[in-house]
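Working notes, beginning with the structure itself.
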Amino acid sequence: AAASIVTPSRNLRLVNYPWQKEAWEFYRRYDAFKYGVMWRAQMMSRVRLTAAVIEPGGDEPSPLTEGVAAELMREFFGGPTGQSQYFKSMTTQLDVPGEGYVVAEDDPNDEDGKHTWAVRSNSELRPTTGKALVNGRNVPVPLWEVEIDQGVWRKLPYETHVFKQWRPDEEKHWRPDSPAQALLGTMRIIDLMLRRVMAQAVSRLASNGLLLYPSEVTFPPKPGFEKEPDPFTAEWLDVAGKTIANPGSATAAIPLPIKVPQQYIKDFVHMDFANTYDEKVMEILGFMYEALATGMNFPKEVLTGMGDTSHWNAWALDEQSIKAHIEPDAELMCQGLTLGYLHPALKSLGESTLMADGSEIVVWYDVSELVQPPDMAKAANDAREKHEISGIPVVEGGKVS
């Protein structure tokens with residue numbers, strides 16, 4: 001199963017694995033990884049949910065537009081707008097730590113008994129204890145609490161419904177898995193390469209070679225440097241420190257102006273160590289970014305750009321993206337919503353999870369908003385130039401085409 005209802009208890013501990021913490025750190029620090037996750041989250045936010053029925057021999061579930069199940073799906077996360085946020089948030093949870101929690105609590109400001117919905121990570125939800133009115137008595141009960149600020153936790157109502165969705169590990173299905181977990185080594189290499197590029201950039205600012213000048217030349221000390229053994233060198237180091245701290249300042253773009261007697265100008269020599277960027281480092285970075293895209297199941301072009309891809313290939317890529325990068329996660333989430341929300345909700349209302357003919361009611365998805373029809377204009381123009389089609393209108397049955 002990819003989902004289960006979770007109830008608070010004294011012995012319950014939500015595990016936060018070390019690899020999950022590291023994956024979150026990479027998500028915050030590295031734009032390529034974060035952008036790829038956000039790309040899929042944005043794509044998934046355009047998927048729509050519906051109640052459906054699995055008919056015997058059918059290729060895929062058939063949508064239900066009426067009935068209790070259909071109404072429950074319209075209420076989930078407050079409708080299509082909220083469901084977009086659900087898909088966006090849960091996709092991020094499944095791609096980074098591999099698990100997320102759906103929390104539904106009574107809305108205290110709504111008299112019609114509606115719920116407020118949220119997706120929470122495993123680090124902002126924990127069990128606690130409190131008191132609640134049960135069978136007319138105020139008794140101690142296990143409760144959930146959620147982190148609403150740094151170190152600030154809020155207890156959730158006793159009737160709060162929490163269910164967990166996760167990407168199951170293939171060896172131990174109760175344990176969450178994530179594509180980010182297998183790519184930690186790749187991202188560590190990217191980290192090392194980026195640190196090297198940063199070190200080289202700072203090195204060029206801090207020590208761009210040597211400046212040799214005659215010892216006979218002296219400079220009047222500027223205010224603040226009078227007590228230094230070598231006021232000129234101290235001033236130069238001060239300028240270099242400010243340049244590193246603010247590389248966009250004017251001091252980083254212009255040389256330090258100094259005046260010397262004319263006969264000494266020829267004796268000033270700049271020795272450049274040619275501390276250029278290592279081309280191999282950039283090649284390795286490019287290779288690692290492609291490995292990152294492959295491992296995260298992103299289209300490579302998401303991280304590297306469309307490049308020379310033609311319009312036709314771009315459309316085909318969109319089609320492939322839906323099949324390879326969107327639908328598998330949509331099916332995983334629908335399975336989780338069926339087990340964690342729709343079936344329990346139907347049972348709580350005294351409804352069956354089966355149709356009269358025994359067909360099972362499930363949650364299903366619709367990706368029609370993601371499908372882009374091909375632009376046939378260029379193909380038509382090319383065919384017309386080759387005289388394979390003409391611009392002469394055709395009249396059939398009184399209609400012009």
Side-chain angles (χ1 to χ4, degrees), residues 1-25 27-28 34 37-38 40-42 44-45 47 49 75-79 81-110 114-130 132 141-168 174-178 180-181 329 332-342 344-345 363:
S4 66
I5 297 173
V6 187
T7 56
S9 67
R10 187 180 300 274
N11 297 324
L12 177 65
R13 294 292 182 271
L14 300 185
V15 179
N16 197 346
Y17 296 97
W19 70 263
Q20 293 175 321
K21 296 180 181 179
E22 188 176 7
W24 276 123
E25 284 299 315
Y27 175 80
R28 295 186 186 96
K34 186 171 185 177
V37 172
M38 290 176 62
R40 186 167 28 217
Q42 291 288 356
M44 291 294 298
S45 72
V47 176
L49 289 170
E75 293 177 0
F76 179 68
F77 260 81
T81 302
Q83 290 172 16
S84 293
Q85 187 59 44
Y86 156 78
F87 268 117
K88 183 178 179 181
S89 299
M90 186 56 73
T91 298
T92 302
Q93 297 296 326
L94 294 178
D95 275 355
V96 182
E99 62 180 338
Y101 293 79
V102 176
V103 179
E105 60 177 299
D106 291 335
D107 186 347
N109 300 318
D110 192 287
K114 292 186 177 180
H115 298 83
T116 58
W117 300 82
V119 173
R120 302 289 183 179
S121 71
N122 61 352
S123 61
E124 58 180 346
L125 191 69
R126 70 185 184 186
T128 186
T129 56
V141 293
L143 298 174
W144 287 109
E145 61 180 354
V146 62
E147 188 178 25
I148 57 175
D149 204 340
Q150 183 68 39
V152 180
W153 295 78
R154 176 177 66 86
K155 290 185 178 181
L156 299 179
Y158 176 61
E159 296 82 6
T160 297
H161 180 70
V162 177
F163 66 93
K164 170 185 172 183
Q165 288 191 277
W166 72 95
R167 195 186 300 276
W174 51 265
R175 188 167 59 190
D177 190 17
S178 162
Q181 181 180 9
D329 280 356
L332 179 70
M333 293 187 201
C334 285
Q335 180 197 19
L337 291 176
T338 300
L339 297 175
Y341 168 66
L342 184 58
V363 178

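Since the model is a prediction, treat every value here as computed from it, not as a measurement.
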Inset, instruction - Drop me the distance from Gln83's CD to Glu75's CD, to the nearest 0.5 angstrom. - result: 11.0 Å

Legend entry - Sub-4.5 Å side-chain heavy-atom contact between Arg28 and Lys34: no

Inset, instruction - Kindly compute the distance separating CE (Met44) from CG (Leu94), expressed to the nearest 0.5 Å. - result: 8.5 Å

Legend entry - Heavy-atom closest pair, residues Val119 and Glu124: O-OE2, 4.0 Å

Legend entry - Main-chain N/O of Ser45 paired to Ser84 side chain as donor or acceptor, under 3.5 Å: yes

Legend entry - Pair listing, side chain to side chain donor-acceptor pair (under 3.5 Å) test, anchored in residues 150-162, at least two apart: Glu105-Arg154

Legend entry - Over all atoms of both residues, closest heavy-atom pair of Thr91 and Met333: OG1-CE, 3.1 Å

Inset, instruction - Please confirm whether the backbone N or O of Val363 pairs with a side-chain atom of Thr338, one donor and one acceptor, at under 3.5 Å? - result: yes

Inset, instruction - Kindly say whether Trp144 contributes a backbone atom to a donor-acceptor pair with the side chain of Thr128 at under 3.5 angstrom? - result: no

Legend entry - side chain to side chain contact (heavy atoms under 4.5 Å, CB included) assessment of Ser4 paired with Trp174: CA-CA 10 Å; Ser4 66; Trp174 51 265; over 6 Å; no

Inset, instruction - Please step through side chain to side chain contact (heavy atoms under 4.5 Å, CB included) for the pair Gln165 and Leu339, ending with a clear verdict. - result: CA-CA 10 Å; Gln165 288 191 277; Leu339 297 175; over 6 Å; no

Legend entry - Worked check of side chain to side chain contact (heavy atoms under 4.5 Å, CB included) between Val103 and Val146: CA-CA 10 Å; Val103 179; Val146 62; over 6 Å; no

Inset, instruction - Mind listing the closest non-hydrogen atom pair of Ala41 and Thr92 along with its distance? - result: CB-OG1, 3.9 Å

Inset, instruction - Supply the atom-to-atom distance Glu147 CD to Arg126 CZ, rounded to the nearest 0.5 angstrom. - result: 7.5 Å

Inset, instruction - Mind checking the CG-OH spacing from Asp177 to Tyr17? Nearest 0.5 Å is all I need. - result: 10.5 Å

Inset, instruction - Kindly assign one of parallel, tilted or perpendicular to the pair Tyr86 and Phe77, based on the angle between their ring planes and the thresholds 30° and 60°. - result: tilted

Legend entry - Closest approach of Pro176 to Pro97 (non-hydrogen atoms, all atoms of both residues): CB-O, 4.2 Å

Legend entry - Pairing residues for Ser123 by the side chain to side chain donor-acceptor pair (under 3.5 Å) criterion, not counting sequence neighbours: Ser121

Inset, instruction - Kindly compute the distance separating CG (Asp329) from CZ (Phe87), expressed to the nearest 0.5 Å. - result: 10.0 Å

Legend entry - Closest non-hydrogen atom pair between Val102 and Trp117, with its separation: CG1-CE3, 4.0 Å

Inset, instruction - May I ask you to test the Leu332-Pro168 pair for a side-chain heavy-atom distance under 4.5 Å? - result: yes

Inset, instruction - Among Glu99, Gln93, Lys164, find the residue that satisfies the side-chain hydrogen bond (donor to acceptor under 3.5 Å, both in side chains) test when tested with Asn122. - result: Glu99

Legend entry - For Ser9 against Pro127, the heavy-atom pair lying closest together: O-CB, 3.8 Å

Inset, instruction - Applying side chain to side chain contact (heavy atoms under 4.5 Å, CB included), run through Glu145 and Leu156 and close with a yes or a no. - result: CA-CA 5 Å; Glu145 61 180 354; Leu156 299 179; 5.8 Å; no

Inset, instruction - Find out whether Leu342 and Phe76 are in side-chain contact, i.e. whether some heavy atom of one side chain is under 4.5 Å from a heavy atom of the other. - result: no

Legend entry - Spacing of CD belonging to Glu25 relative to CD belonging to Glu22, to within rounding of 0.5 Å: 9.0 Å

